[in-house]
Enquirer: 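Quick one: the structure is below, questions incoming.
Here is the naming used below: chain letters follow the sequence lines, and residue numbers restart at 1 for every chain. Quick note: numbers below take in every heavy atom, side chains included, and nothing from hydrogens, waters or symmetry partners. What you see is a predicted model; the values in this text were computed from it and never measured.
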Amino acid sequence: MTGRLAAVAALLAFLLGLSVATFSDLRVFLPAILKGAVVTVEVTFWSLILFYVSAFLSGIGRGSKNTFIRWSCVVYIEVFRGTSLLVILFWFFFVLPEFGITLSPIVAGVLGIGLNFGAYGAEIVRGAIVAVPKGQYEACTALNISPLKRMLRIVIPQAVIIMIPGFTNLTIELIKATALVSAVTLVDITYASVQQNQLHYRTLEIFSVTLLLYYCFAQIVRFGMAMLEDYSKRHLLRKA
Amino acid sequence: MSDVKIRFDDVVKRYGPLVVLDHLNFQVADGEIVSIIGPSGSGKTTVLRVLMTLEEIQDGVIYVAGEPLNKMESGGRLVPASKAHVRRLRSRIGMVFQNFNLFPHMTALQNCIESPVYTNGLSKEEAIKASMELLDMVGLADKRDHYPSQLSGGQQQRVAIARTLAMRPEILLFDEPTSALDPEMVGEVLNVIRQLATAHSYTMLMVTHQMGFAREVSDRVCFFDKGKIVEQNVPAELFDRPQNERLQKFLSSVKEAH
Ligand SMILES: Nc1ncnc2c1ncn2[C@@H]1O[C@H](COP(=O)(O)OP(=O)(O)O)[C@@H](O)[C@H]1O
Ligand SMILES: [Mg+2]
């Protein structure tokens, strides 16, 4: 794993050096793109939190015995999975004000992305929970372990490891999807690149840098999730 | 000793149209050790599962230490039991499963203290002390920090027994506790159960295919067929002088298999 990180770092350093050498105009457009990158990171960070929280809550609630909780989760999952993210963003930013709810661009962006991906994540959580063997539930009943503690201490620790590959994919997808926040007037890395290209016409240089930055983000996520998988394999689940 | 610890009163358990327990009447006295034998599919496991509240029954009443399990008394009438009522009675019963059902993400010791600490609110020190005594009793004190995957089947089942005992039940249910084990590990688990049967005052209900063992430790053996007790007696009588034809057939088929 550290080998992979080293490779990425080396590649990054090499390309950066090459860019500086080749594209002397780098400093003309790079600051603006990096400013966009900060927006992308910010939106990604908050969206990821919302994504994981809503995925877990609705994924667990989806299997609740309580009809109201179960159906609320089903409706949420269906609505946010069955519609386009771009349209959801438009709704949060342009339609809600008509009902008197005005959201800042970043809040609208984070809500749209987090809730949309949360609905997909819910299915991963649900699938992983269902995959925990029935015998584990029966042991909990026999030991008088309450449903809440059963979920938190027995089922979820075993389910987490099943979820990791799915969540790795969705997390990377989420980073890519943050490019859509330009629709709600945010200047993220993609939109900043488009703007800089219109100003300076250095298409190859600008979009090479953009591509590289996205690639690095994805690698960081892969690295983090692989570490998490490693950890949970060692500490959470030992296959009986 | 003559107190009735478990009583099935006309209990009916159905899966759809399939009748698994057919108006079952059945009692176990305090401290009594009862083995259940019978052909596959006769409802032996189901008897334990309805007692452990893993399955609901469709008719009849199950009494545990004189109190109805699935019902409770309220204003002189029997009404469906509350969760608290079920939890209270359930705490008097422990069950050992065929497939152990240990928690794979916890060590042997963590498996044992999980419920005493997080359900019964025992302090960690107390729970560890009690559980270590139990792990010692089943001969696995040195395996306290091993995960289930690092233990043999026989060792896993012994940890599962210690985990069950850590809840301090009065009634122990065993569902074919050795049938998932390799033959060379059966003995070590039977030794532990034998010790529980002879040196303690548990009321035990055991489903088993180990006829020799049932004969040795039981006060009484019940032969199940088609959801009913067809014949029951002290082991020597039941095994040596079976009256019922189906029991005779069953015993000779078991003998052939060995
Ligand atoms: N969850 C279930 N759904 C439908 N039928 C079941 C279920 N569990 C058990 N049965 C049926 O109930 C009958 C008795 O099962 P069981 O008590 O496990 O038998 P035994 O332990 O004596 O082999 C069997 O015919 C079995 O197929
Ligand atoms: Mg069975």
Enquirer: Could you note down all residue pairs passing salt bridge (Lys or Arg N to Asp or Glu O under 4.0 Å) where residues 145-155 of chain A supplies at least one of them, sequence neighbours left out?
Expert: A:Arg153-B:Glu114
Enquirer: Between B:Leu102 and A:Gln136, what is the shortest heavy-atom contact and its length?
Expert: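 Reported closest heavy-atom pair: O-NE2, 2.8 Å.
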Enquirer: Under a 4.5 Å cut-off applied to non-hydrogen side-chain atoms, are B:Phe103 and A:Pro157 in contact?
Expert: no
Enquirer: Taking side chain as everything from C-beta outward and backbone as N, CA, C, O, which of these in B:Arg49 sits under 4.5 Å from a heavy atom of chain A? Side chain, backbone, both or neither.
Expert: side chain
Enquirer: Using the rule given for side-chain contact (heavy atoms from CB on, under 4.5 Å), can you reason through B:Met95 versus A:Leu143, listing the C-alpha separation, both sets of side-chain angles and the distance that settles it, and then say yes or no?
Expert: CA-CA 8 Å; B:Met95 180 161 176; A:Leu143 292 167; over 6 Å; no
Enquirer: For the CD atom of A:Glu138 and the CG atom of B:Asn99, what is their distance to the nearest 0.5 Å?
Expert: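 One gets 10.0 Å once the value is rounded to the nearest 0.5 Å.
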Enquirer: Can you tell me which portion of B:Phe97 sits under 4.5 Å from chain A's heavy atoms? Options are side chain, backbone, both or neither.
Expert: side chain
Enquirer: Is it the case that more than 12 heavy atoms not belonging to A:Arg70 sit under 6.0 Å from its CZ atom?
Expert: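 Above 12, so yes.
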Enquirer: When you look at CZ of A:Phe99, are more than 12 heavy atoms from neighbouring residues, nucleotides or ligands closer to it than 6.0 Å?
Expert: no
Enquirer: Looking at B:Glu184, I'd like to know if its CD atom is crowded, meaning that more than 12 non-hydrogen atoms belonging to other residues, nucleotides or ligands lie closer than 6.0 Å.
Expert: yes
Enquirer: If I measure from the heavy atoms of chain A, does B:Met52 come under 4.5 Å with its side chain, its backbone, both, or neither?
Expert: both
Enquirer: Verify the neighbour count for atom OH of A:Tyr191: are there more than 12 heavy atoms of other residues, nucleotides or ligands below 6.0 Å?
Expert: no
Enquirer: In Å, rounded to the nearest 0.5 Å, how long is the span from OG1 of A:Thr141 to CD1 of B:Ile93?
Expert: 12.0 Å
Enquirer: So, taking the atom named OG in B:Ser115 and the one named CD1 in A:Ile145, what distance separates them when rounded to the nearest 0.5 Å?
Expert: 4.5 Å
Enquirer: How close do B:Arg87 and A:Ser146 get, counting heavy atoms only, and between which atoms?
Expert: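 Heavy atoms of B:Arg87 and A:Ser146 come nearest at NH1-CA, 3.7 Å.
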Enquirer: Please walk me through it: do A:Ile161 and B:His105 pass side-chain contact (heavy atoms from CB on, under 4.5 Å)?
Expert: CA-CA 11 Å; A:Ile161 193 159; B:His105 57 301; over 6 Å; no
